[in-house]
Number of protein chains: 2
Amino acid sequence: MKNLPSAARQAQIRERFAGGPGVSVSELAREFGVSEMTIRRDLAALEGQSHIQRTHGGAMLTQRMMLEFDYRDRRELHRKQKQAIAAAARKLIQPGQRLILDNGTTSLELAALLKDGQHLTVITPSLAVASELQHTPGVEVILLGGVIRRGSPDLTGPVTENCLELFAADFAFQGADGIGHDGAIYNTDLRLARVDKIMRRVANKSCLLADHSKIGATALVRSGTLADVDIFITDTGAPAATLKRFAILGPQIITVKP
Amino acid sequence: MKNLPSAARQAQIRERFAGGPGVSVSELAREFGVSEMTIRRDLAALEGQSHIQRTHGGAMLTQRMMLEFDYRDRRELHRKQKQAIAAAARKLIQPGQRLILDNGTTSLELAALLKDGQHLTVITPSLAVASELQHTPGVEVILLGGVIRRGSPDLTGPVTENCLELFAADFAFQGADGIGHDGAIYNTDLRLARVDKIMRRVANKSCLLADHSKIGATALVRSGTLADVDIFITDTGAPAATLKRFAILGPQIITVKP
DNA sequence: AAGAATTCGAACAAATAAAAACATTTACAC
DNA sequence: GTGTAAATGTTTTTATTTGTTCGAATTCTT
């Protein structure tokens, strides 16, 4: 392989990257019959325009870098139920809708089900949801602003609330940390509770997702009651009598079996 | 396995982890035909990027769960200059200030320098900056809301702009994709340009960070001129005559040598 | 718990590669 | 041909990476 114009040689070098993790300067110099200095100059030129990154001794494709946000994955707990509940929620969604997903694990399961490429807009304060959907072609992800809680992959605070006010969505999907027998909805965090409240207000319809283990549990803050939500999805582990009482408060109740 | 440049070898090592929970130093040394010391150094480097966690006799994947926002890492390009520029910018910052950092790689280098725990508030549309600072005790990170650009770890759009308007900061630090000889500031993306413009407005002082390779370059959108910024930091590779002309436009000019 | 066997990390030396400066060739226009 | 600019090669200097040795630390074995 000899006497190539420099541009052609650089194009050839680019092909090289398909083969392996990287190429070495000395190897390329030998193959093209040019000096190593020339190869270095080629690589320097390619580095600017193409997605390669120079290294000592050669070059490689630019690394896909990942941003790491700490994240305690609590998805395992009652995961079956949560997935079933998410699947039921998925059925409520029509193409073209604007959805709000909160930062619960059930919402995250729902996000995973949105990957089949319908045209959707997802508004969320959850970095986990955003991460899940970032590469999904049909879905536009709008991340709400806010303060990053240490050790929690989501955004809360006045900024988040303010951001949320900008939107009008078709559906809000949210979880809860507890649902009292009187239908009160509880959250463990005040800031999350405030955000949840606003979500319900800016969405046309709101949908509460909670497996049966949450029924009867309470937590720090009351963010509202079942009377504020339009649809409540839970699993068949929930006692029928309680659900009957809940229904009187207003929401349509959907039970799924895991 | 043939001789690979060190960076390529480290990338290969990372692949190894896909197969199992861990790898051993001796095994890797044999496979790559290098000394164990070299492998240890590789592992130490990878550990520094927190991709892996070292163990006696080898290494394993980091335990903690992470959210992956992946993107092409361009940090290596002119990194020396960018780090020097970031260091100069760091000196401008006083404890207690509220800072805006944009989504350039130079801002990311600056973020890394803020880790020494002063009391600071950082407002940014960059997931990379947020990720970098999320564990820093003295720093509160406020992530702006917005649309996640595919393949880019940052937020833009009307929501971002609206979010920004909520704030008043002491300093805005931003990069540029090009600076014309007439002092015009260029960005490759219209939405980023709009965001940059607002940043300058809501910050008391604005500071442009750009290595000399940007001088003379142009890009799609003009986001403003040097007359709009208070401080311009670049490296000593910039031609003195040009800098003199820039100074007439108003900004204080700081040059650092890499 | 003590001793043996690994493994690690620091220090230094050797090898290798990059960058800078300068010389040479090539390509092309006139 | 000759001048000029771009590209390539050479040489020297500088920086990075790797290998080796050896004492310290860690794990395993008994």
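Convention: sequence-line order gives letters A, B, ...; per-chain numbering from 1. Not measured: the values here are computed from a predicted model. Excluded from the calculations below are hydrogen atoms, water molecules and symmetry mates; all remaining heavy atoms, backbone and side chain alike, are included.
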Any side-chain N or O of [X] under 4.0 Å from OP1/OP2 of [N]?
X       : N      : answer
A:Arg54 : D:dT16 : no
B:His56 : D:dT27 : yes
A:Ser35 : D:dT8  : no

Whole-Å gap separating [atom2] ([N]) and [atom1] ([X]):
X       : N      : atom1 : atom2 : value
B:Leu28 : C:dC8  : CG    : C1'   : 16 Å
A:Phe32 : D:dG9  : CZ    : P     : 13 Å
B:Asp42 : D:dT16 : CG    : P     : 17 Å
B:Leu43 : C:dT7  : CG    : P     : 13 Å
A:Glu36 : D:dT16 : CD    : P     : 18 Å
A:Arg40 : C:dA21 : CZ    : C1'   : 15 Å

Do B:Asp228 and B:Ser206 make a side-chain contact, defined as non-hydrogen atoms from C-beta onward lying under 4.5 Å apart?
no
Is B:Thr124 close to B:Leu143 at the side-chain level, that is, under 4.5 Å between some pair of heavy atoms?
yes
With a sphere of 6.0 Å drawn around CZ of B:Arg200, does it hold more than 12 non-hydrogen atoms of other residues, nucleotides or ligands?
yes
Straight-line distance of A:Asp177 CG to A:Lys214 NZ, nearest 0.5 Å:
6.5 Å
Looking at CG of B:Asp189 and CG of B:Asp196, how far apart are the two atoms once the value is rounded to the nearest 0.5 Å?
10.0 Å
Nucleotide N/O to protein N/O under 3.5 Å, stretch nucleotides 11-15 of chain C:
none

For B:Ser24, which contact category applies under a 4.0 Å heavy-atom criterion: base, sugar-phosphate, or nothing?
nothing
For the pair B:Thr160 (side chain) and B:Gly145 (backbone), establish whether a donor and an acceptor sit closer than 3.5 Å, ignoring hydrogens and angles.
yes
